Structure formats: structure tokens, C-alpha cells
Amino acid sequence: MTSKILLGLLGATALAGCNLAPKYVRPVGEVPAALPQGGVYAAAATDAPDVTKIGWRDFFTDERLRNTIALGLENNRDLRVAAANVLQARAQYRIQRADLVPQTTLSASGTYTNNIQGAASTLGGAASGGTGTGGTGTGGTGGTGTGGTGSNAGGGTAGTVGSSSSNFEFYSVNAGFSAFELDLFGRVRNLNRAALEQYFATEEAQRSTRISLIAEIATAWLTLASDQDQLAISQRSLASFAQSLELTRAQFRIGVASELEARQAETTYQGARNDIAVLKTRVAQDKNALDLLVGAPVAAPLLPQGLGNGDAALQVLPAGLASDVLLRRPDVLQAEHQLIAQNANIGAARAALFPRISLTATLGTISTALSGLFAGGSFTYTGAPSVSLPLFDGGRLRGNVDLARAQQQSAVSTYEKTVQTAFREVADALAQRGTIDEQVAAQTARVEAANVALRISDARYRAGVESFLITLDSQRTAYAAQQQLVTTRLNRGSNLVEVYRSLGGGLDVDDPQVRPASTTAR
């Protein structure tokens with residue numbers, strides 16, 4: 001009997017190579033083979049580094065910003081949720097993987113009874129009962145008993161059934177497995193593959209969350225620095241506007257200036273007052289947003305003290321990248337792992353249409369005394385294979401196959417859309433990157449020209465050549481130009497961060513928390 005069970009297991013193993021899942025083929029995305037070049041897309045230096053291989057600690061050059069990002073990676077709650085999701089997916093995969101091997105259990109029991117039928121049940125019918133006459137019984141393999149007392153060896157009958165003076169003891173130890181499915185058609189293996197790919201997808205989602213968090217913290221930090229500069233410009237301009245307002249009011253009182261000039265000066269002054277109030281609120285809100293992203297209050301030494309030229313990151317521009325670099329982005333890898341999982345689900349649904357074979361088997365020992373559990377002749381075994389074949393289920397199993405196919409088609413479209421979205425994000429970032437330096441240069445020249453015009457108009461006004469309205473207009477122009485220059489510098493800094501993020505940069509390859517799932521699982 002043992003040899004039959006072993007032969008059955010070997011045959012099942014030989015058939016276990018059957019897999020009904022369709023062969024996976026990566027969809028071809030409807031995107032150009034290379035990232036955009038020419039036109040607004042500036043050519044990069046041939047020695048430009050690969051930004052996807054630059055860790056964020058090397059990409060961001062401001063030490064305060066680096067420390068702020070590090071603090072955020074430790075405390076951000078969204079990142080903690082993503083990490084917990086990875087742990088859940090890993091545990092779910094381990095649960096599913098357990099179905100690939102028999103779940104073996106060890107059990108031991110002792111039975112004490114004065115009922116011969118209960119004793120025979122304990123033995124599993126291994127021994128046949130004897131006959132008894134006049135209080136003397138002869139067991140099937142046991143001895144004889146007199147006066148209602150018989151031997152308990154071998155499960156024989158002793159005395160009157162149910163007599164309180166007839167005591168039987170049985171001990172057993174068994175090891176085995178129950179209802180282990182022989183995966184002939186790959187149902188269990190495909191469910192295991194689907195769980196594994198979902199685990200991989202969750203790890204890629206964590207990496208994507210990490211990259212996005214780094215970019216968001218950097219952008220929020222730069223935005224706070226920009227608004228600090230805007231506030232400083234407004235405060236300096238307010239002092240200048242206050243002097244002009246005081247001068248025009250005095251001139252109006254003595255009849256040298258018109259009321260129109262006085263009102264215009266007051267309009268400019270009050271506008272700067274309003275800007276200061278708005279910017280103070282904005283700076284406070286920027287600080288609150290940064291604290292939320294970091295997950296803890298950001299200490300004052302880590303906060304920026306103005307944007308300056310916005311050079312808080314490497315001024316890099318990727319050169320001649322093929323669009324397949326996007327396939328390394330975590331969100332694209334996540335979508336692909338989910339697609340592979342749906343592919344495996346089709347195989348599991350198909351396998352459910354075929355017979356399901358399971359096996360229950362135990363090996364053990366049984367004896368009427370503890371000392372005899374492992375003695376000769378106490379060995380027992382059982383083997384119980386079973387087969388179930390669905391005959392009629394109202395179309396449930398076929399519906400499961402159709403559902404799995406529909407979900408796989410949806411996953412294909414999701415993957416393709418993810419690749420297209422990634423291409424668009426990179427193309428948009430590169431388009432702005434190609435012109436942003438020109439914008440900064442033009443805006444810088446505009447500020448210089450506006451400041452020169454302000455000095456000239458003020459000198460002409462004091463010489464009595466121009467009216468004060470010309471000077472007021474020059475003040476407003478210079479004020480607006482300075483504000484726009486700060487905004488343009490912020491756009492340049494944010495664009496560098498976006499180029500870095502959209503190309504999948506932002507990870508430190510030496511950080512074990514962000515290694516690709518395919519190298520840390522299985």
C-alpha cells in the first residue's frame with residue numbers, strides 16, 4: 001500500500017508541469033522609441049550623468065534640504081502606510097505559498113474506556129472482536145478473561161460489554177496531512193504566482209511613494225524659500241512706496257503735486273501692504289505643508305532662508321534617452337506586476353474547470369500501552385486519495401474564467417496608460433527644462449532694465465523734467481519684475497525636481513528599503 005501511495009505522488013509530480021495560464025508577453029506601448037528632442041527640447045551635454053542612477057543625497061546639494069528629506073523619509077505617514085502594505089502583501093504571499101506543500105501535523109492521543117465498541121472504534125476496526133460465553137470471552141488476538149475480566153491486547157472482547165470492570169487503554173501517535181491538493185493543472189501554482197506578483201507590485205508602489213515624497217518635500221521646501229523672497233521684496237518695496245506716498249502728500253498739501261499723484265502713490269503703497277499680508281499667510285501655510293509632508297515639525301535650522309538663485313539641486317539634463325527608460329519607473333513596474341498577476345489568475349480559473357485531486361495520508365503507531373508505542377507490530381498507515389470533478393455549477397466556473405480574462409484586459413490597458421502617462425510627464429518636464437534657463441535670463445535682464453528705468457525716472461522727476469506718475473509706474477514695473485524673477489527661479493528649481501522624479505530618480509541604490517522587489521523576495 002505504501003508503494004502505491006509513493007507511486008501516486010511521483011505520478012502527480014510528473015504531471016505538475018501543466019500550466020493553463022497564457023504566456024505572458026509585455027504589451028508594446030504606443031509611445032515613440034525615444035524621448036522628444038529638438039525644438040524646445042534643448043540638447044544636453046554628451047557627458048551628462050544618468051539621473052536615474054543618482055541618489056537623492058547626491059542630487060540635492062543643499063544640506064538643509066537633504067536633512068529635511070531624510071527626516072521626511074523617517075516620519076511621513078503615507079510612506080509608513082506604503083511600508084505596511086508591503087508587509088501585508090508579503091504575508092499574503094506566504095499564506096498562499098503554503099498551499100504548495102502538504103500541511104503536516106503531529107497528533108498524539110490516549111483512550112480509556114470500558115466499552116468494547118469504543119475500543120474497537122479506537123483501533124479503527126483493525127482487530128476483530130471475539131465471542132464470549134458465560135462471562136468468559138476469547139479475543140480475536142488477545143487472551144481469555146474470566147469473571148468479566150479480559151485481556152486488552154489487540155482489542156479483543158473481554159467480559160460483558162459495558163461492564164464497569166472491563167477497562168481498555170489505547171495510545172497512538174500519528175503524523176500526516178489532510179486534503180493536500182495535487183496541483184496537476186497549475187491552479188495552486190498560478191494562485192501563488194498571482195500573490196507573488198501582487199507582492200512585487202506593492203513593493204514598487206512603496207518605491208513610487210518614496211520617490212514622490214522626496215520630490216514633494218523638495219518642491220515644498222523650494223516654495224517656502226520662494227515665498228520668503230517674495231515677502232522680502234514686498235517689505236523692501238513697501239518702504240520705498242511709503243517714502244513716495246509721504247512725499248506726494250506733502251507736495252499735494254503745498255500745491256506742487258496733484259491729488260491724482262497722491263492717490264496713485266497711495267494705491268501702490270496699499271497694494272504692497274496687501275501683498276505682505278498675503279505672503280505672510282502663504283509662508284505660514286508653506287511651513288505647515290512642509291511639516292505635514294515631513295511628518296514632524298521641521299526645525300528652524302533646516303528651513304530655507306530665501307530661494308536665491310534656486311541652485312539647491314544638480315543642474316543636470318539627460319542626453320538622448322530612449323523611451324524604454326520609463327519601463328524602470330516604479331509605477332510602470334507596479335502596473336506590469338499587476339498585469340502578470342492577472343495573467344496567472346486566468347490560469348487558476350482555467351484549472352478550476354478540471355478535476356481536483358487531493359490526498360490524505362497518515363503514518364503512525366498504536367498500542368495498548370505507552371511502552372509499546374514504538375514496538376514491533378504497532379505501525380499503522382492510511383492513504384485516502386479523492387477526486388472531485390465539477391459537473392454542473394450554473395456557469396460559475398466559466399464565469400470566473402471570463403472575469404479573469406476581462407481583468408487581464410483591463411490590466412493591459414492600465415499598463416499601457418501608465419507608460420503613456422510617464423512619457424507625457426517626462427516630455428513636459430523636458431520641454432520646460434529646454435526653455436527655463438532662457439526664461440530666467442530674460443527675467444533677470446528685465447529686472448535690471450526696470451531698476452535702471454526707475455533710477456532714471458526718479459532722477460528726472462527730482463529735476464522737474466518728468467511727472468511723479470512716471471516714477472510711480474517705474475516703481476510698479478520694477479516691483480512686478482522682481483516678483484516674477486523669483487517665480488521663474490522657483491519654476492526652474494521645481495522643474496529640475498520634476499525631471500528627476502519623472503525619470504524614476506530619487507532612490508539610493510545602497511538603501512535596502514528601496515531595492516527592487518524582484519531581488520528581495522522569493
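For clarity, every value in this text was computed on a predicted model and none was experimentally measured. Numbers here are sequence positions counted from 1.
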For this session: Identify the heavy atoms of Trp221 and Pro304 that sit nearest to each other, and give their distance.
Result: NE1-CD, 3.4 Å
Exercise. Checking Asp99 side chain against Val188 main chain: does a donor-acceptor pair fall under 3.5 Å?
Worked result: no
Exercise. Rounded to the nearest 0.5 Å, how far apart are OG of Ser244 and CD of Glu261?
Worked result: 11.5 Å
Exercise. Closest approach of Leu213 and Gly72, non-hydrogen atoms and distance?
Worked result: CD2-O, 3.8 Å
Exercise. Is Arg282 paired with Asp286 through a side-chain N to carboxylate O contact shorter than 4.0 Å?
Worked result: no
Exercise. How are the rings of Tyr500 and Phe60 set to each other: parallel, tilted or perpendicular (split at 30° and 60°)?
Worked result: perpendicular
Exercise. Is a donor on one side and an acceptor on the other found under 3.5 Å between the side chain of Asn76 and the backbone of Leu293?
Worked result: yes
For this session: May I ask you to decide if Ala215's main-chain N or O and Arg501's side chain share a donor-acceptor pair within less than 3.5 Å?
Result: no
For this session: Show your reasoning for whether side-chain contact (heavy atoms from CB on, under 4.5 Å) applies to Arg66 and Trp56.
Result: CA-CA 8 Å; Arg66 284 199 295 259; Trp56 63 267; 4.3 Å; yes
Exercise. Between Gln103 and Val101, is there a donor-acceptor pair closer than 3.5 Å when you use the side chain of the first and the backbone of the second?
Worked result: yes
Exercise. Any side-chain heavy atom of Ile436 sitting closer than 4.5 Å to one from Asn491?
Worked result: yes
Problem set entry | Polar side-chain atom of Arg329 near backbone of Ser502 as donor-acceptor pair, under 3.5 Å | yes
Problem set entry | Thr61 versus Ala313, closest heavy-atom pair with distance | OG1-N, 3.6 Å
For this session: Examine distances only and state if a side-chain atom of Asn343 and a backbone atom of Leu339 form a donor-acceptor pair shorter than 3.5 Å.
Result: no
For this session: Go through Leu403 and Gln407 one step at a time and tell me if the side-chain contact (heavy atoms from CB on, under 4.5 Å) criterion holds.
Result: CA-CA 6 Å; Leu403 174 61; Gln407 290 174 335; 3.8 Å; yes
Problem set entry | pair Asn288-Leu292: side-chain heavy atoms closer than 4.5 Å | no
Problem set entry | Asn190 and Arg350, any side-chain heavy atoms less than 4.5 Å apart | no
For this session: Report the distance from atom CD of Gln92 to atom CG of Leu196, rounding to the nearest 0.5 Å.
Result: 12.5 Å
For this session: Go through Glu416 and Val31 one step at a time and tell me if the side-chain contact (heavy atoms from CB on, under 4.5 Å) criterion holds.
Result: CA-CA 9 Å; Glu416 293 174 343; Val31 295; over 6 Å; no
Problem set entry | Test item: Asp229 side-chain N/O and Leu307 main-chain N/O as donor-acceptor pair under 3.5 Å | yes
For this session: Using atom types as modelled and distance alone, determine if a side-chain donor or acceptor of Ser208 lies under 3.5 Å from a backbone N or O of Glu204.
Result: no
Exercise. Hey, does the side chain of Arg210 reach the backbone of Leu73 with a donor-acceptor pair shorter than 3.5 angstrom?
Worked result: no
Exercise. Would you say Leu485 and Arg489 make side-chain contact, with heavy atoms under 4.5 Å?
Worked result: yes
Problem set entry | Nearest-0.5 Å distance that lies between atom CZ in Phe200 and atom CZ in Arg90 | 10.5 Å
For this session: Locate the shortest heavy-atom distance separating Ala348 from Leu191; write the atom from each residue and the value.
Result: CB-CD2, 3.7 Å
For this session: Consider only side-chain N and O atoms of Gln439 and Thr435, and report whether a donor and an acceptor are under 3.5 Å apart.
Result: yes
For this session: Answer whether the closest heavy-atom distance between the side chains of Thr223 and Thr219 falls below 4.5 Å.
Result: yes
Exercise. Does Glu203 come within less than 4.0 Å of Arg207, counting only side-chain N to carboxylate O?
Worked result: no
Exercise. Among side-chain atoms of Thr268 and Gln475, is any donor-acceptor pair under 3.5 angstrom?
Worked result: no
Exercise. What distance do Leu302 atom CG and Ile69 atom CD1 have between them, rounded to the nearest 0.5 Å?
Worked result: 11.0 Å
Exercise. Could Arg462 and Asp458 be called an ion pair, given the rule that one side-chain N must be under 4.0 Å from one carboxylate O?
Worked result: yes
Exercise. If you look at every heavy atom in Ser457 and Thr471, which pair is closest and at what distance?
Worked result: O-OG1, 3.2 Å
Exercise. Closest approach of Asp78 and Thr209, non-hydrogen atoms and distance?
Worked result: O-CG2, 4.3 Å
Exercise. Under 4.0 Å between a Lys/Arg side-chain N and an Asp/Glu carboxylate O for Arg424 and Asp428?
Worked result: yes
For this session: Please lay out, stage by stage, how Gln408 and Arg405 fare under the test side chain to side chain donor-acceptor pair (under 3.5 Å).
Result: CA-CA 5 Å; Gln408 190 261 0; Arg405 286 173 175 165; over 6 Å; no
For this session: Keeping the roles fixed (side chain from Asp291, backbone from Val298), state whether a donor-acceptor pair exists under 3.5 Å.
Result: yes
Exercise. When the ring planes of Phe185 and Phe354 are compared, do they come out parallel, tilted or perpendicular, using 30° and 60° as the limits?
Worked result: parallel
Exercise. Between Tyr269 and Glu246, does any side-chain donor sit less than 3.5 Å from a side-chain acceptor?
Worked result: no
For this session: Step by step, work out the side-chain contact (heavy atoms from CB on, under 4.5 Å) result for Gln484 and Thr487.
Result: CA-CA 5 Å; Gln484 186 59 44; Thr487 300; 4.2 Å; yes
Seminar exercise, completed: dist Leu245:CG -> Phe252:CZ (nearest 0.5 Å) comes out at 12.5 Å
Problem set entry | Nearest-0.5 Å distance, CD of residue Gln334 to CD of residue Gln206 | 11.5 Å
Exercise. Between Leu260 and Gln264, is any pair of side-chain heavy atoms under 4.5 Å apart?
Worked result: yes
Exercise. If you count the non-hydrogen atoms of other residues, nucleotides and ligands that lie under 6.0 Å from CZ in Arg396, is the total more than 12?
Worked result: no
